[in-house]
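Worksheet for the structure shown next.
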Amino acid sequence: MNTNFSEFGISDQVVTALSNMGFEEPTPIQKMAIPSALKGRDIIGQAQTGTGKTAAFGIPIIERKPEERGKYPYAIVLCPTRELAVQVAQEINRIGSAKGVFALPVYGGQSIEVQLKNLRKGVDLVVGTPGRVIDHIRRKSLILKDIKIVVLDEADEMLNMGFIEDIETILREVPQERQTMLFSATMPTEILTISKKYMNKPKHVHVDASAMVVPKVKQAFYEVREEDKLKALTRLVDVEGPSLTLVFSRTKREVDDVSGKLMQMGYSAGAIHGDFTQSHRDEMMRKFKKGEIDILVATDVAARGLDIPDVSHVINYSIPQDPEGYIHRIGRTARAGKSGIAITFVTPREYRHLRLIEKAAKTVIQKAKLPTKEQVKKARENVIALALEETIRGGEHTSYHPLVVNLLSAHSPEDIVAAALLMLFGKTEVEDIREVGFTHPETKRDYVKLFMTVGKKDRLNVGDIVRSISSEAGIPAGKIGNIALFDTFSFVEVPAELADRVIASINNCMMKGRKVKIQPAKRMDTKRR
Ligand code: ADP
Ligand code: MG
């Protein structure tokens with residue numbers, strides 16, 4: 001059964017705002033968190049990025065607004081980065097404006113005067129980075145005595161960035177009598193410690209990692225040498241023609257290097273990392289969101305939690321450090337139900353690391369082949385042909401006709417046009433990428449056998465089972481092992497690391513109108529002699 005937002009018993013203005021924003025039904029974390037949060041309960045919410053955590057706490061904040069705007073804010077949201085603070089404030093303002101809720105982002109890098117002025121005018125809630133919030137507390141420009149709700153958003157990330165002491169300072173400043181909500185993609189023990197110290201019988205809500213972003217993202221990896229990565233990247237961009245590509249690099253230096261080279265080659269690329277000024281970062285984000293630049297190269301920290309709709313490709317130019325990092329990065333695509341592609345470049349030395357990530361993230365990353373030189377050439381020619389056709393349709397080119405007529409008395413049409421194209425688009429050669437010397441064969445995985453309560457009598461064949469499992473659990477058909485079909489039951493082998501996911505997504509599902517129960521097969525050891 002579908003729930004819709006009005007069933008939460010929230011105000012019509014908010015329901016209308018959500019529907020105007022295209023939110024049709026609450027996401028799982030919203031379904032789980034909103035009812036209790038509306039009652040004022042403390043909440044600990046764990047779910048990956050892209051699962052709608054902002055509205056999960058934003059809607060209750062808006063609904064719990066006091067009748068009159070007080071002199072001081074009634075809610076405060078802490079976020080790890082300035083970009084996130086801006087984004088969260090925007091989303092809350094969009095949902096809450098019809099109810100007259102105003103959220104102000106405060107963060108380092110923006111002029112403190114502007115913030116002071118806005119704070120003096122009075123705001124309902126402040127969304128800020130811990131450092132700047134403390135700054136305002138010290139200046140007495142931010143008074144927390146009326147705070148009724150505190151939210152720690154992306155708590156794990158704030159912890160990683162060393163904000164723990166600042167957060168504790170702020171939590172000690174706010175009134176005891178309050179609601180506290182904490183959202184995080186992961187739950188390291190330090191966070192649980194904080195919650196024990198500062199929260200009151202929190203309700204835990206948890207959206208399982210296997211139920212989230214990963215299945216919608218198509219994942220692949222390419223084995224390339226370090227020195228061939230840039231060529232590999234441009235081949236992919238040329239052939240796949242992605243709408244927006246987010247490229248992750250490990251270091252600021254590499255971000256500069258990759259984005260700089262892309263621009264030199266004529267791609268519309270930009271970069272963000274911690275060394276850039278706030279205005280540069282804002283400008284880049286604005287351009288990227290509007291599609292004025294197609295490729296944004298970023299470090300993990302700069303891109304963490306950013307919500308950029310329509311990112312079609314995430315490219316891990318350098319492999320992420322750990323499984324959490326991997327999930328976070330690929331969560332930048334396929335936002336809110338859209339599909340996306342995540343690509344990871346792996347040098348031969350990093351192959352084992354990739355497999356560890358894959359296993360821990362309980363996902364499948366399939367090896368893929370880079371586009372060939374011929375494919376790249378063809379793709380580039382298509383782009384040129386399209387550009388020419390568009391120019392001809394535009395009609396402004398005709399002022400060149402007299403010149404062309406002159407040139408035609410000395411050269412062939414082929415030569416003239418080809419020379420013009422060379423001037424415009426450069427040489428046509430596609431650079432070589434050397435094959436990686438020894439490629440890793442796809443490893444033989446451990447498979448486990450699962451037992452299902454459907455069989456031939458249910459008019460099922462092997463293909464039906466493969467299709468159901470592959471689409472319901474979001475795993476490639478090629479990863480499904482042997483299937484043994486009996487009259488009323490069947491066995492299917494799947495990679496061990498995916499067994500939980502398959503069971504969770506298939507159990508109680510319908511196949512050909514029959515409800516399926518699925519569980520690990522029991523070993524029949526007694527039969528062996
Ligand atoms: P998280 O904080 O979990 O990373 P966000 O709150 O940034 O996720 O939400 C991710 C995207 O999904 C945003 O673009 C947001 O506007 C959108 N979104 C959130 N809730 C819904 C919903 N119920 N229906 C459709 N889109 C939603
Ligand atoms: Mg978030």
Side-chain angles (χ1 to χ4, degrees), residues 2-8 10 14-35 37 43-62 77-97 103 105 127-129 151-161 181-187 205-209 211-214 216-217 244 246 285 288-289 300-301 303-312 314 324-325 327-340:
N2 285 355
T3 334
N4 62 47
F5 282 103
S6 55
E7 287 168 40
F8 291 135
I10 53 181
V14 168
V15 173
T16 310
L18 290 168
S19 109
N20 289 340
M21 289 165 72
F23 289 18
E24 282 164 1
E25 61 162 336
T27 64
I29 189 86
Q30 290 164 2
K31 278 183 207 166
M32 290 191 266
I34 291 176
I43 303 277
I44 296 184
Q46 182 178 5
Q48 291 302 330
T49 40
T51 50
K53 294 193 285 297
T54 315
F57 61 79
I59 293 171
I61 291 182
I62 292 162
V77 179
L78 298 176
C79 299
T81 66
R82 16 197 193 187
E83 282 83 4
L84 266 179
V86 170
Q87 203 169 281
V88 167
Q90 269 172 359
E91 178 134 326
I92 292 180
N93 284 331
R94 280 174 75 197
I95 303 174
S97 64
V127 185
T129 49
V151 177
L152 308 180
D153 190 21
E154 311 256 354
D156 52 352
E157 191 56 19
M158 292 202 280
L159 191 85
N160 289 343
M161 294 175 70
M181 295 187 260
L182 182 156
F183 287 86
S184 196
T186 59
M187 284 294 159
V205 292
H206 181 200
V207 177
D208 185 12
M212 33 126 268
V213 280
V214 179
K216 280 186 201 109
V217 183
L244 291 182
L246 187 55
M285 285 305 300
F288 189 54
K289 280 190 180 174
D300 286 290
V301 171
R304 176 59 61 93
L306 287 185
D307 176 39
I308 311 155
D310 302 326
V311 169
S312 59
V314 164
E324 286 79 27
I327 299 268
H328 272 296
R329 284 183 180 187
I330 73 169
R332 308 294 93 224
T333 182
R335 301 290 274 176
K338 297 195 178 119
S339 63

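Side chains are part of it too, since the values below use all heavy atoms of this structure and drop only hydrogens, waters and symmetry mates. Order of appearance sets the numbers: ligands from 1, and atoms from 1 within every ligand.
At a heavy-atom cutoff of 4.0 Å, ligand 1 is contacted by the side chain of F5 but not by its backbone.
At distances below 3.5 Å, at least one donor-acceptor pair connects side-chain atoms of K53 with backbone N or O atoms of A47. At least one donor-acceptor pair under 3.5 Å links the side chain of N93 to the backbone N or O of A103. A distance-only check finds a donor-acceptor pair linking the side chain of T81 to the backbone of L84 [under 3.5 Å]. Between the side chain of T129 and the backbone N or O of C79, no donor-acceptor pair lies under 3.5 Å.
Contact atoms of ligand 1 toward T27: 20 (N), 21 (C), 22 (C), 23 (N) (distance under 4.0 Å to a heavy atom of the residue). Applying the 4.0 Å criterion to heavy atoms of T54 picks out, from ligand 1, the atoms 2 (O), 5 (P), 6 (O), 7 (O). Atoms of ligand 1 lying under 4.0 Å from any heavy atom of E25, numbered from 1 in the order shown and given with element: 22 (C), 23 (N), 24 (N). Each of the atoms 1 (P), 3 (O), 8 (O) of ligand 1 lies under 4.0 Å from some heavy atom of T51.
Remark: S6 engages N4 in a side chain to side chain donor-acceptor pair (under 3.5 Å) (not counting sequence neighbours). Evaluation of the ring pair (Phe, Tyr, Trp, His ring centres under 6.0 Å) rule for F288 yields no partner, not counting sequence neighbours.
Every N/O-N/O distance between E154 and ligand 1 stays at or above 3.5 Å. For ligand 1, one of its N or O atoms has an N or O atom of G52 under 3.5 Å away. Between E91 and ligand 1, at least one pair of N/O atoms sits closer than 3.5 Å.
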